[in-house]
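See structure below.
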Protein chains: 2
Amino acid sequence: MKITIKEIAKLSGVSIATVSKVINRKDSKISDETKNRVMKIIKETGYVPNRVASSMITKETKTIGLVIPNIANPFFPEVVRGAEDKASEAGYSLILCNTDDQIDKEENCIAMLQEKMVDGILYTASSRRHAISESLKHVGIPIISLDRDIVGLPVQGKITVENVEGAFEAVSYLIKRGYSKIIHLTGPETSTPTKQRIEGYKKAMDAHHLPYDDSCIIEGDYTSASGYATMEKAIRSGLTFDAVFCGNDLIAIGCIKALKKHGLKILEEVGVVGFDDIYLARMMDPELTTVSQPKYLMGYKAVELLLEVMGENKEGRREEILKTTLVVRETTR
Amino acid sequence: MKITIKEIAKLSGVSIATVSKVINRKDSKISDETKNRVMKIIKETGYVPNRVASSMITKETKTIGLVIPNIANPFFPEVVRGAEDKASEAGYSLILCNTDDQIDKEENCIAMLQEKMVDGILYTASSRRHAISESLKHVGIPIISLDRDIVGLPVQGKITVENVEGAFEAVSYLIKRGYSKIIHLTGPETSTPTKQRIEGYKKAMDAHHLPYDDSCIIEGDYTSASGYATMEKAIRSGLTFDAVFCGNDLIAIGCIKALKKHGLKILEEVGVVGFDDIYLARMMDPELTTVSQPKYLMGYKAVELLLEVMGENKEGRREEILKTTLVVRETTR
DNA sequence: CCTTTTAGGTTAAACGTTTAACCCAATCTT
DNA sequence: AAGATTGGGTTAAACGTTTAACCTAAAAGG
């Protein structure tokens, strides 16, 4: 039998209300004597207040839902860590949901979070999503969209990253270092980051009057297997290039494998740059030149923004676009 | 104003109890007509039941606490994914806590999980822990310890891995492939896995009558920086060896960097094997030979065990020790 | 035809808190 | 000295469910 606030009250010889007040530090009107007595009893009995009961009254669970495609995708752990740090700093905890980018799983997650009455949701929408956002309209819980920026998504805020600027910088750097026949291995073109990185690539090529056509932009998905396969195919098809800008680091890893296999010398013969700067990028050999995303900060800022939105309940949607930084390592001259 | 079961009852012209029954499928005694009417109203209004209210009554939150050192440590994401999959399969969700292996953070997490009335806890104990386990005795929530096996920890179950067997197999393999002067770069010797891997190393050396002494077992921590530093120092100190068994993959990565820097040829001149088989191991170049831990399965099995324990409330503590498998790649002959 | 069973509900207590409203004695004000 | 304030509490309603116990009319049993 769990011990409740009632027993504490009885043991301390005060009312439940009084105990509640000392627990919640609303104790301006409680004498030090009573306060200490109650606290002592609490310590002795090991009483721990039941927050689900208190949530009934206060209408807040001090819990935030975190909906991401897959925690096993090396991009997300750091984001999650950032989110958890800010959350626990503010007295919140995180419920983690993996959606595998599947819309039905997303719906289930959101429904579950609604039932559990989380105070807010961080949401990385599936690339495929748009139509279904209808059902999101009625969640009645503040939502911040994270990383992806699906148009028409009914959210109260957004945290994204300067994808076009990042891509622009990366490709411009390649050009500056003397590469000129640059191709781009992308992720699924349905997702906003992909589109934006393509845009940045084009801008940079245009800005330096370098030619490119559709064959230079090769779609795949954000895995190393895809990077390997598309690179392989590109080489076999006789495509010429002296540098490849990859949609993310995983693609870059696969790409490099393929290049090595074909005996192409990374850096001299062909430069490679990735995107994300996951843990791996620094660990591999050669170390990967890449556009670094502030992953930890994204998570951190996201819950920061969420807390703001939750607090004010203002309707104006907030947005924060974080900067990327090119980190030059060993796969480019 | 959130819509409650009360309004559904009113709109459907039935009692609250009836609505509750159709929601929870205890509807054997409800006519199809009423059932359909109620369900229709629920759909129309977009009513979503408040699980925190229901938790008050049922005494279960359908939530599991997951306490790990750091989700950004590449070992854990897959474990967490396994746990989340099994949990959501069974209708549970996961609250994630990072402790950074710090005892005070652990205490805070556990206390928070208690307050939130989670139904069970998965717990990767800090290596430093033992004394404080006193406070764990009174949590009153089933706990499964994960990965680490601290003696005297008051838990209802354990999921670990065959560390000594894994290490034994790895070192034996090295010996079989003709390496003989094998050193071991370890993690902190306070942790059980470290101790067990050392034990496995020694067993294998002994079994093949190979000599080793204290200088062959070099303590560090489970980071690549540590692997680099200790390897570097070992080389400078003139230690001779032809293979190194690393306490985990991160150490192996650092170690390989140091070896490369000193111009030592991986595989021919010196073999390297890691432990864990994190994502990275397959991605690096050369691909790392390593002892693979069933990380996903660990998480999956852990919540499986937890659910069992929660169900039966039997006092007998359960244990499951999972097998490792040596995966030979490119850093050994 | 009387009794029992069944189908299809309803009533109300309980879960463990928070908090607005109230209370009373002692102290201040004027 | 009467009224107002203050310190230190208490009372009780409310939060949104679940569920055991109860109820009633119709059908079934004998």
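In what follows, chains carry the letters A, B, and so on, assigned in the order in which the sequence lines appear, proteins first and then strands, with residues in each chain numbered from 1.
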Heavy atoms under 4.0 Å, any strand shown: does B/S31 hit a base, just sugar-phosphate, or nothing?
sugar-phosphate
Compare the minimum distances between each of D/dG9, C/dT17, D/dT17 and the side chain of B/N50, then state the nucleotide with the smallest one.
D/dT17
Is it true that the side chains of A/K116 and A/T63 contain a donor and an acceptor less than 3.5 Å apart?
no
Taking N or O atoms only and anything under 3.5 Å, show me the protein contacts with nucleotides 21-26 of chain C, one pair per line.
none

Separation of atom NZ in B/K116 from atom P in C/dT17, rounded to whole Å:
16 Å
Can you tell me how far apart NZ (B/K86) and CG (B/L306) are? Round to the nearest 0.5 Å.
11.5 Å
Set of side-chain hydrogen bond (donor to acceptor under 3.5 Å, both in side chains) partners for B/T45, sequence neighbours left out
none
Can you check the B/I3 CD1 to D/dT17 C1' distance for me, whole Å?
15 Å
What integer distance in Å separates A/I30:CD1 from D/dT6:C1'?
14 Å
Produce the list of close N/O pairs, under 3.5 Å, pairing protein atoms with atoms of nucleotides 26-28 of chain D; give distances to one decimal.
none

Would you please name every residue forming a salt bridge (Lys or Arg N to Asp or Glu O under 4.0 Å) with B/K40, sequence neighbours left out?
B/E44
Identify, between A/I16 and A/K29, the residue whose nearest nucleotide on DNA chain D lies closer to the 5' end.
A/K29
If only side-chain N and O atoms of A/S15 are considered, is one of them under 4.0 Å from the OP1 or OP2 phosphate oxygen of D/dT10?
yes
Working to the nearest 0.5 Å, report the span between CG of B/L322 and CG of B/D147.
10.5 Å
How many angstroms lie between CD in B/E89 and CD in B/E84, if you round to the nearest 0.5 Å?
10.5 Å
For A/Y279 and A/E78, test the side chains for any donor-to-acceptor distance below 3.5 angstrom and give the result as yes or no.
no
Nearest-nucleotide wise, let me know which of B/T34 and A/P49 is further upstream toward the 5' end of DNA chain C.
B/T34
May I ask you to test the A/S126-A/T99 pair for a side-chain heavy-atom distance under 4.5 Å?
no
If you take any heavy atom closer than 4.0 Å to DNA chain D, which residues from residues 51-60 of chain A end up in contact?
A/M56, A/I57, A/K59
For A/I141 and A/L113, what are the C-alpha separation, side-chain angles and deciding distance, and is it a side chain to side chain contact (heavy atoms under 4.5 Å, CB included)?
CA-CA 9 Å; A/I141 297 173; A/L113 293 172; 5.7 Å; no
Residues two or more places apart in sequence or in another chain: which of them pass side chain to side chain contact (heavy atoms under 4.5 Å, CB included) with B/A90?
B/Y92, B/L307
dist B/K301:NZ -> B/I144:CD1 (nearest 0.5 Å) comes out at 12.5 Å
Contacts of type side chain to side chain contact (heavy atoms under 4.5 Å, CB included), residue A/I42, not counting sequence neighbours
A/I8, A/I23, A/V38, A/Y47
Got a sec, which residues hit salt bridge (Lys or Arg N to Asp or Glu O under 4.0 Å) with B/D119, two or more places apart in sequence or on another chain?
none
Using whole Å, what does the distance between atom C1' of nucleotide C/dG8 and atom CD of B/E33 come to?
11 Å
Out of curiosity, A/L305 CG to A/R318 CZ, how far, rounded to the nearest 0.5 Å?
6.5 Å
To the nearest Å, give me how far apart CG (A/D32) and P (D/dG9) are.
10 Å
Output all residues satisfying salt bridge (Lys or Arg N to Asp or Glu O under 4.0 Å) with B/R81, sequence neighbours left out; order by chain, then residue number.
A/D100, B/D85
Using a cut-off of strictly less than 4.0 Å, decide whether B/Y47 has a side-chain nitrogen or oxygen near OP1 or OP2 of D/dG16.
no
Which parts of residues 35-46 of chain B get close to DNA chain D, meaning a heavy atom less than 4.0 angstrom away?
none
To the nearest 0.5 Å, tell me how far B/K6 NZ sits from B/S15 OG.
13.0 Å
Mind checking salt bridge (Lys or Arg N to Asp or Glu O under 4.0 Å) for B/K62 and listing every partner two or more places apart, or none if nothing turns up?
B/E60
Rounded to whole Å, CD of A/E115 lies from C1' of D/dG16 at a distance of 13 Å
Whole angstroms only, please: what is the NZ-P distance between B/K6 and C/dT10?
16 Å
Determine: side-chain N/O of A/S20 to OP1/OP2 of C/dT18, distance under 4.0 Å, yes or no.
yes
Helix axis bend for the helix from C/dC1-D/dG30 to C/dT30-D/dA1 - C1'-based end axes, five pairs, 10° rounding:
40°
In whole angstrom, what separates A/R25's CZ from C/dT19's C1'?
18 Å
